[in-house]
Amino acid sequence: MQQPSHQPVVIGDPDLGVKIMEFENEDDFLLQQRRSPTMRHRIRALMRRMRYGPFGRLRNMLFFLGALLLFGWIMLPYDNLVRLGIRFNVNKFQHYLNSHPVENWLFAPPAYPVDLAADTVVIVKTGYGTRQRANAWFEALSASNEFRDFLVIADYASKPGQEANNHGTSLPIHNVVNQTLSSLGPAASLSNPRVAKYLRFAQAIENGEEEEADQLAKYTGWEIDALKFISGLELAYSKFPNKKWYLLVDDDTYLVQPSLKPLLAHLDSEVPYYIGNAVGDFRIRFAHGGSGIILSQGAMSSLILDNPHAVRTAHLESLSETWGDRLLARTLIKAGVYLEEEYNHLFSGEPPRWAKIRPDRFCCPVVTFHGLGQPEKMHQAGESLRNVSKPLLWSDIWDVYGMSRPWRQSTLTADDLAKPIQYANWDHAGGSGGEVAVAEGVAKAEECGRKCYEKGSECMAWTWEMESKRCNLSPWMIVGEKVEGKVSGPNGKLARELEMVCLEY
C-alpha cells in the first residue's frame with residue numbers, strides 16, 4: 001500500500017519560497033509569510049487564538065459560570081432569602097450612588113398621562129375604633145381634588161345613615177374582615193384566638209353595645225387590621241378592575257394630589273409597581289401602610305388574577321400576622337412583585353409640621369403625610385394644603401405653614417450663613433435619641449449651633465434645651481412648633497447649598 005506523502009506541497013510560484021504543509025496551521029503561515037496578510041486574515045487568526053487559546057478557555061469558563069448563576073437565579077423562589085438579600089444590598093448601593101436625588105421627571109412632559117378621576121381608585125382603610133376619622137379624611141380633600149372613585153373598607157359595615165360622607169355623597173363602609181373569614185371557611189378559623197376576639201367585637205356592634213365595642217376595638221384593633229389588607233384589595237379590584245392605579249391609605253393619611261399626579265404620569269401602569277415608604281430588613285422590605293401604598297394595574301393583576309394560591313395563603317396568614325402591610329408585601333413577593341424603593345423618599349410617616357426633611361429629599365416632592373389621627377389635625381392639614389396647586393417639595397413645607405426660610409433672606413451674606421440661625425422657644429430638630437446625636441453639658445445655644453455646623457451634611461438642625469443644657473443634633477429638620485425652654489435652628493448654610501441644587505432644575 002502506498003504511504004501518504006509527507007513532502008511539502010508547493011503553492012504558487014516556487015521561487016517565492018512560500019510553502020505550507022498540507023493540513024497545517026494556515027493562520028501561522030499567513031502571519032509569518034514575507035507578504036503581508038490581508039486584514040481579513042489577520043482578524044481570522046486573532047479570533048481563532050482568542051477562541052482556542054488560554055484566554056478563550058477562561059472566557060468559556062466564565063460564560064459557563066455566568067449561565068449557571070443565571071439559571072440558579074431564575075430557579076430561586078421569589079421569596080428566597082438569597083434573592084431578597086441581593087436585592088436589598090443592590091438597593092442600598094444605588095441609594096449610596098444617588099444620595100441627593102433630584103426628580104427630573106417632575107416637570108417633564110408626562111410619559112404616561114394620567115387622569116386621577118378616571119384612572120385611580122382611593123381605598124380608605126378605617127375601623128370601628130377610628131370611625132370618626134373617615135368623614136374628616138373626606139373633609140380635608142383639597143379644593144383642587146381630582147379623585148372621583150373611593151372605596152371605604154373596615155372591620156364593620158355601615159348601617160343606613162352611618163355611611164362615610166364625601167361632601168354630600170354617601171359612601172358605604174365595607175366589612176372586609178368578614179370577607180376574609182368567609183373565604184377561609186368555618187374550619188380554618190374555628191379555634192383561632194384572633195377570630196374569637198373579632199367575633200366578640202362584632203357581636204357587641206350588632207347588639208348596639210357601643211361602649212363595649214369601642215373598648216374591644218381599642219385593644220384588638222391592630223390585630224384585626226391585618227385581616228383587612230388582602231380582602232380590601234380583592235374587593236377594590238372586583239369593583240374597579242380597569243383602573244390604572246390603586247391607592248391604599250389609612251384614615252389618618254393625607255394625599256398631596258399635585259405631587260402624586262406627576263409621579264403616576266411618569267410610570268407605566270402595566271408594569272407591576274408596588275410603591276411606598278420602605279421599612280423592614282433584607283428578609284422582607286415592605287411599604288409602611290400608614291404612609292400610603294401605591295399599586296399599579298400590573299401589580300394588582302399579578303396578585304389577584306395570576307396568583308390566587310398566594311392570596312388564599314395570605315388569608316390564612318392574616319390570622320397570625322402582626323402587620324397587614326408586611327403581609328401584603330410577602331404576598332406580592334410570592335407573585336414576583338417587589339417593593340420599588342426608588343421612590344420611598346416621597347412618602348412621609350409624620351404629619352406636615354413634623355415631617356423629617358432630610359438632605360436626600362430636600363428637592364423632591366412629598367406625596368403623603370401620616371399621623372393625622374385626630375380629626376382636628378386632619379382638618380388643619382387640609383386647610384394648610386388646600387390651595388397647593390403644584391408639586392409640593394419637602395422644602396416647601398416651610399412656606400405652607402407661613403414660615404419664611406431663613407436661609408433665603410436676601411440680606412444674609414455667606415458670613416452670616418456660616419453662623420447659627422436660632423429661634424427661641426422652638427424645636428427644629430424633632431426630639432432626641434435614635435438618629436439624633438446628643439451632646440450633654442453644652443453651656444450656650446450658640447455653642448450647640450456651632451456643633452451642628454461642624455458636622456456638615458450630617459446635621460440639618462439643632463435644638464438646645466435651656467434647663468438640661470442638652471444639645472440635640474439632628475440629621476433632618478422639621479418645621480416644628482412652639483416649645484417653651486428650647487432654642488433651635490436649621491443648618492442655614494447646608495440648606496442654601498441644597499436649595500441651589502433645586503434651582504438648577
Side-chain angles (χ1 to χ4, degrees), residues 91 94-95 98 100-124 141-142 144-150 236 240 243-250 253-279 285-300 325 329 332 337-350 352 355-358 360-370 381 385 388-397 400 501-502 505:
N91 284 328
Q94 289 176 337
H95 178 74
N98 191 26
H100 293 122
V102 176
E103 312 301 336
N104 297 325
W105 49 263
L106 189 59
F107 302 102
Y112 304 93
V114 63
D115 179 352
L116 293 184
D119 298 332
T120 68
V121 57
V122 183
I123 307 159
V124 182
L141 288 174
S142 68
S144 58
N145 170 53
E146 295 184 42
F147 293 133
R148 182 188 67 198
D149 294 319
F150 301 92
F240 304 97
K243 293 293 185 180
K244 292 182 179 179
W245 297 99
Y246 299 79
L247 316 176
L248 177 61
V249 299
D250 281 358
T253 304
Y254 186 91
L255 278 167
V256 185
Q257 296 180 46
S259 297
L260 172 69
K261 189 171 182 177
L263 170 64
L264 300 184
H266 160 67
L267 303 170
D268 183 358
S269 62
E270 293 303 314
V271 174
Y273 279 113
Y274 165 41
I275 302 172
N277 188 4
V279 294
R285 295 288 281 173
F286 60 99
H288 172 231
S291 303
I293 299 171
I294 300 175
L295 292 165
S296 67
Q297 169 64 222
M300 288 289 282
D325 44 11
L332 285 166
V337 181
Y338 297 92
L339 178 63
E340 177 56 71
E341 298 194 35
E342 181 181 349
Y343 305 103
N344 65 351
H345 58 283
L346 308 183
F347 299 80
S348 173
E350 301 85 24
K356 298 175 180 176
I357 307 171
R358 298 174 181 263
D360 69 345
R361 59 194 64 183
F362 199 84
C363 302
C364 301
V366 55
V367 174
T368 64
F369 295 105
H370 178 51
L385 299 166
V388 172
S389 58
K390 63 179 183 178
L392 181 75
L393 304 186
W394 285 82
S395 56
D396 292 338
I397 301 173
V400 167
V501 176
C502 304
Y505 297 88

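For Phe347, there are no ring-ring contact (aromatic ring centres under 6.0 Å, His included) partners, not counting sequence neighbours. Scored by the side chain to side chain donor-acceptor pair (under 3.5 Å) test, Glu146 finds Lys261 as partners (sequence neighbours excluded).
Side-chain contact between Ile397 and Phe369 is present, with at least one heavy-atom pair separated by less than 4.5 Å. Leu247 places a side-chain heavy atom less than 4.5 Å from the side chain of Leu260. Within the 4.5 Å cutoff, the side chain of Leu346 has heavy atoms near those of the Glu103 side chain. Val122 has its side chain within reach of Val249: a pair of non-hydrogen atoms, C-beta onward, lies under 4.5 Å apart. Side-chain contact between Asp325 and Val279: absent, with no pair of heavy atoms (C-beta onward) separated by less than 4.5 Å. Counting heavy atoms from C-beta on, the side chains of Trp245 and Leu263 never come closer than 4.5 Å. Between Asp149 and Thr120, the closest side-chain pair of non-hydrogen atoms is not below 4.5 Å. Between Leu264 and Leu116 the shortest side-chain heavy-atom distance falls below 4.5 Å.
Although no hydrogens or angles enter the test, the distance criterion places a donor-acceptor pair under 3.5 Å between the side chain of Tyr274 and the main chain of Ala287. Between the side chain of Trp394 and the main chain of His345, a donor-acceptor pair closer than 3.5 Å is present. Ser296 contributes a side-chain N or O that, together with a main-chain N or O of Val271, makes up a donor-acceptor pair within less than 3.5 Å.
Put simply, CD on Glu270 and CD on Gln297 are 6.0 Å apart, with the number rounded to the nearest 0.5 Å. In this structure, the separation between SG on Cys364 and CG on Leu392 is 12.0 Å, given to the nearest 0.5 Å. The distance from the NE2 atom of His288 to the OG1 atom of Thr368 is 9.5 Å, given to the nearest 0.5 Å. To the nearest 0.5 angstrom, Asp115 atom CG is 7.5 Å from Arg148 atom CZ. To the nearest 0.5 Å, the span separating CD1 on Ile294 from CG on Leu255 amounts to 7.5 Å.
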Can you list the steps and then say if Ile275 with Leu267 is a side-chain contact (heavy atoms from CB on, under 4.5 Å)? CA-CA 11 Å; Ile275 302 172; Leu267 303 170; 3.5 Å; yes
Test side-chain contact (heavy atoms from CB on, under 4.5 Å) on Val367 and Val256 and set out the steps. CA-CA 5 Å; Val367 174; Val256 185; 5.7 Å; no
Kindly determine whether Ile357 and Phe362 satisfy side-chain contact (heavy atoms from CB on, under 4.5 Å), including the steps that lead there. CA-CA 6 Å; Ile357 307 171; Phe362 199 84; 3.9 Å; yes
Is there a side-chain contact (heavy atoms from CB on, under 4.5 Å) between Leu332 and Leu295 once you walk through the steps? CA-CA 10 Å; Leu332 285 166; Leu295 292 165; 3.8 Å; yes
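What you find for Lys243 and Ala117 is that their closest heavy atoms are NZ-O, 3.4 Å. Residue Pro391 comes nearest to Pro258 through the heavy atom pair CG-O, 3.5 Å, listed as atom of the first residue, atom of the second, then distance. In terms of heavy atoms, Ser348 sits closest to Ser291 at O-OG, 3.6 Å. When all heavy atoms of Gly292 and Thr253 are compared, the closest pair comes out as N-CG2, 4.4 Å. Contact record, Ala299 with Val337: CB-CG1, 4.1 Å, taken as the closest heavy-atom pair.
Note: Tyr343 and His266 have perpendicular aromatic rings, judged against thresholds of 30 and 60 degrees for the angle between ring planes.
The stretch residues 287-297 participates, sequence neighbours left out, in no salt bridge (charged side-chain N to carboxylate O under 4.0 Å, His left out) pair at all.
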